[in-house]
Amino acid sequence: MLIRTGYDIAFETTAPTAMSLLLSVHPSRRNDLRSPEAIRFDPPIPQRQTVDPFGNVCTRIVAPPGRITISSDLLIADSGLPDAVAPQASQAAVDALPDEVMTYLMASRYCDTDKLTATAWQLFGQTPEGWARVQAIVDYVHRHIRFDYMQADATRSAHDGFVQRVGVCRDFAHLAIALCRCMNIPARYCTGYLGDIGVPAVPDPMDFSAWLEVYLGGRWYTFDARHNTPRIGRIVMARGRDATDCAISTSFGAARLMRFEVHTDEVTETAPAGLMRAA
C-alpha cells in the first residue's frame, strides 16, 4: 500500500522566534519513504536537524517576523496490515525490564500517576496481567472520555481527563498511559499520521493523531484508546513520555497559529507524490 501524506501549517510572529519542530517521519519508517521527505519553508530560511533523546528527528529554525508557512508532501509505503494483536503477550516484572524502558513507568508532565494510582488498582487490580489488563484499561478509557474536537486543552493532564471525561486523542492516550504505568506496565506516547484508511471517513478536520505503545512480551505494541480498534496506515512521527516530548511545534516566543492542514490518503498509482490520485 502507498500513502500520500503531509501538512500545510502557518504561523505568524512579531519578532525572530526560535522554534523546534517534530514534523519528520520517525527514523524507524525512513526505509518506507518512496519520495524525498523535505520540509519547505516560505519564506525560505535555514534549518538544522538533530535527533532528540527519544530518537525523534527535530528540526530547529528561527522564524522571521511575519507569516511563515511550513509544508511537506510525501509518499510512504505501508504493509496495509492493521495494528498487531497479541493476546498472549505477557507483562514483565519491574526488576526484569530493560533499563531503557524504565522511564516509561515514571510520572511525567501530562501523565500524573500519583493522582491515579489508587483508582487504577481499584479498577484493574483483579484483571489478568499482560495483554488482557492493557485491553481492559484501553476499553475503560474509550468509554470514559467523550471525544470533542472543540474541547482541546493543551494543559489537560491524564487526571484532568479522568475527571472532566472529555477531550481529544491526546487525552485518551494520556489517561491510558497513566493507568498502565500505575499498574507497572511501561507505556509511551506516540504521535503521527492516521487517515481514514480501511474505515468509514469521519467529518472531523484531519489532524495529527495520538496513540500509545505498551511494552509487553519483550516488545512494544500499539493501542489506541480513542478508536479502540486495530487500524491500517499508522505512520509514527515522534515517541516520548507524553505530549511534551512529542509536540509538533514548540516556539520560544509568541507564534500565532494561522493555518493547520493535514492530509493522509491511500493512493492508487505509483507516480511521483505530486501526481498521485487519492483512492
Side-chain angles (χ1 to χ4, degrees), residues 1-9 21-40 54-57 59 70-87 89 131 134-135 138 142 147 149 168-170 172-173 176 188-217 219-240 246 248 260-279:
M1 168 187 294
L2 292 174
I3 298 173
R4 181 182 180 181
T5 194
Y7 51 84
D8 189 343
I9 305 170
L21 309 171
L22 294 178
L23 287 167
S24 297
V25 170
H26 192 269
S28 61
R29 296 298 304 269
R30 188 166 289 162
N31 290 339
D32 295 326
L33 290 170
R34 295 295 181 266
S35 67
E37 183 184 24
I39 301 178
R40 296 183 293 272
F54 297 95
N56 307 312
V57 177
T59 301
I70 308 168
S71 62
S72 184
D73 187 50
L74 59 91
L75 190 67
I76 189 167
D78 190 81
S79 69
L81 298 174
D83 303 323
V85 177
W131 187 278
V134 175
Q135 189 60 61
V138 171
H142 179 73
F147 181 84
Y149 192 80
V168 293
C169 56
R170 61 179 266 161
F172 286 80
R188 65 189 182 187
Y189 183 95
C190 302
T191 191
Y193 299 99
L194 181 62
D196 297 324
I197 298 174
V199 297
V202 297
D204 301 319
M206 182 61 70
D207 197 348
F208 295 115
S209 189
W211 59 90
L212 64 149
E213 292 179 345
V214 177
Y215 192 81
L216 294 171
R219 57 160 285 188
W220 293 98
Y221 287 95
T222 296
F223 288 85
D224 188 332
R226 181 199 167 188
H227 298 102
N228 200 21
T229 188
R231 293 288 295 267
I232 297 170
R234 203 181 295 273
I235 304 168
V236 66
M237 297 167 70
R239 296 184 174 104
C246 301
I248 296 302
F260 187 89
E261 299 175 0
V262 178
H263 63 270
T264 306
D265 300 288
E266 182 183 0
V267 293
T268 59
E269 301 177 29
T270 55
L275 302 177
M276 283 292 161
R277 185 161 48 86

Distance from [X] atom [atom1] to [Y] atom [atom2], nearest 0.5 Å?
X: Ile235; Y: Ser209; atom1: CD1; atom2: OG; answer: 11.5 Å
X: Arg4; Y: His263; atom1: CZ; atom2: NE2; answer: 5.0 Å
X: Cys169; Y: Leu194; atom1: SG; atom2: CG; answer: 9.0 Å

Would you name the heavy atoms of [X] and [Y] that are closest together and state the gap between them?
X: Leu212; Y: Ala173; answer: CD2-CA, 4.4 Å
X: Ala210; Y: Tyr189; answer: CB-OH, 3.3 Å
X: Ala238; Y: Asn56; answer: CA-OD1, 3.2 Å
X: Glu266; Y: Ile197; answer: N-CD1, 3.9 Å
X: Ala84; Y: Arg219; answer: CB-NH2, 4.3 Å
X: Gly195; Y: Met206; answer: CA-CE, 4.0 Å

Exercise for the section: Output, in order, the C-alpha distance, side-chain angles, deciding distance and verdict of side chain to side chain contact (heavy atoms under 4.5 Å, CB included) for His26 and Cys190. Expected result: CA-CA 10 Å; His26 192 269; Cys190 302; over 6 Å; no
With a 4.5 Å cut-off on side-chain heavy atoms, are [Y] and [X] touching?
X: Ile3; Y: Thr264; result: yes
X: Thr191; Y: Arg170; result: no
X: Arg30; Y: Val25; result: no
X: Tyr7; Y: Ile70; result: yes
X: Leu22; Y: Met237; result: no
X: Leu23; Y: Ser72; result: no
X: Leu74; Y: Thr5; result: yes

Problem - Ring-face cation contact, Phe147 with Arg226, 6.0 Å cut, 45° max - result: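 Yes, Arg226 sits over the ring of Phe147.
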Short side-chain to backbone donor-acceptor contact, [X] and [Y], under 3.5 Å:
X: Asp207; Y: Val262; result: no
X: His142; Y: Ala225; result: yes
X: Arg234; Y: Ile232; result: no

Problem - For Gln135, all residues meeting side chain to side chain donor-acceptor pair (under 3.5 Å), sequence neighbours excluded - result: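 Listed in chain order: Asp139, Asn228.
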Problem - Partners passing salt bridge (charged side-chain N to carboxylate O under 4.0 Å, His left out) against Arg231 (at least two apart in sequence or in another chain) - result: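 Arg231: salt bridge (charged side-chain N to carboxylate O under 4.0 Å, His left out) contacts with Asp196.
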Exercise for the section: Using side-chain contact (heavy atoms from CB on, under 4.5 Å) as the criterion, point out the one residue from Ile76, Asp78, Asp32, Val267 that pairs with Leu2. Expected result: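 Of all the options given, the one that passes is Val267.
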Exercise for the section: Given side chain to side chain contact (heavy atoms under 4.5 Å, CB included), test Asp224 with Phe172 step by step and report yes or no. Expected result: CA-CA 8 Å; Asp224 188 332; Phe172 286 80; over 6 Å; no
Problem - Aromatic ring proximity Phe260/Phe208, centre distance under 6.0 Å - result: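 Yes: the rings meet the under 6.0 Å criterion.
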Exercise for the section: With sequence neighbours excluded, tell me which residues meet ring-ring contact (aromatic ring centres under 6.0 Å, His included) with Tyr215. Expected result: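 Tyr215 satisfies ring-ring contact (aromatic ring centres under 6.0 Å, His included) with Trp220 once adjacent residues are dropped.
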Problem - Parallel, tilted or perpendicular: ring planes of Tyr221 versus Trp131, cut at 30 and 60 degrees - result: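 Perpendicular.
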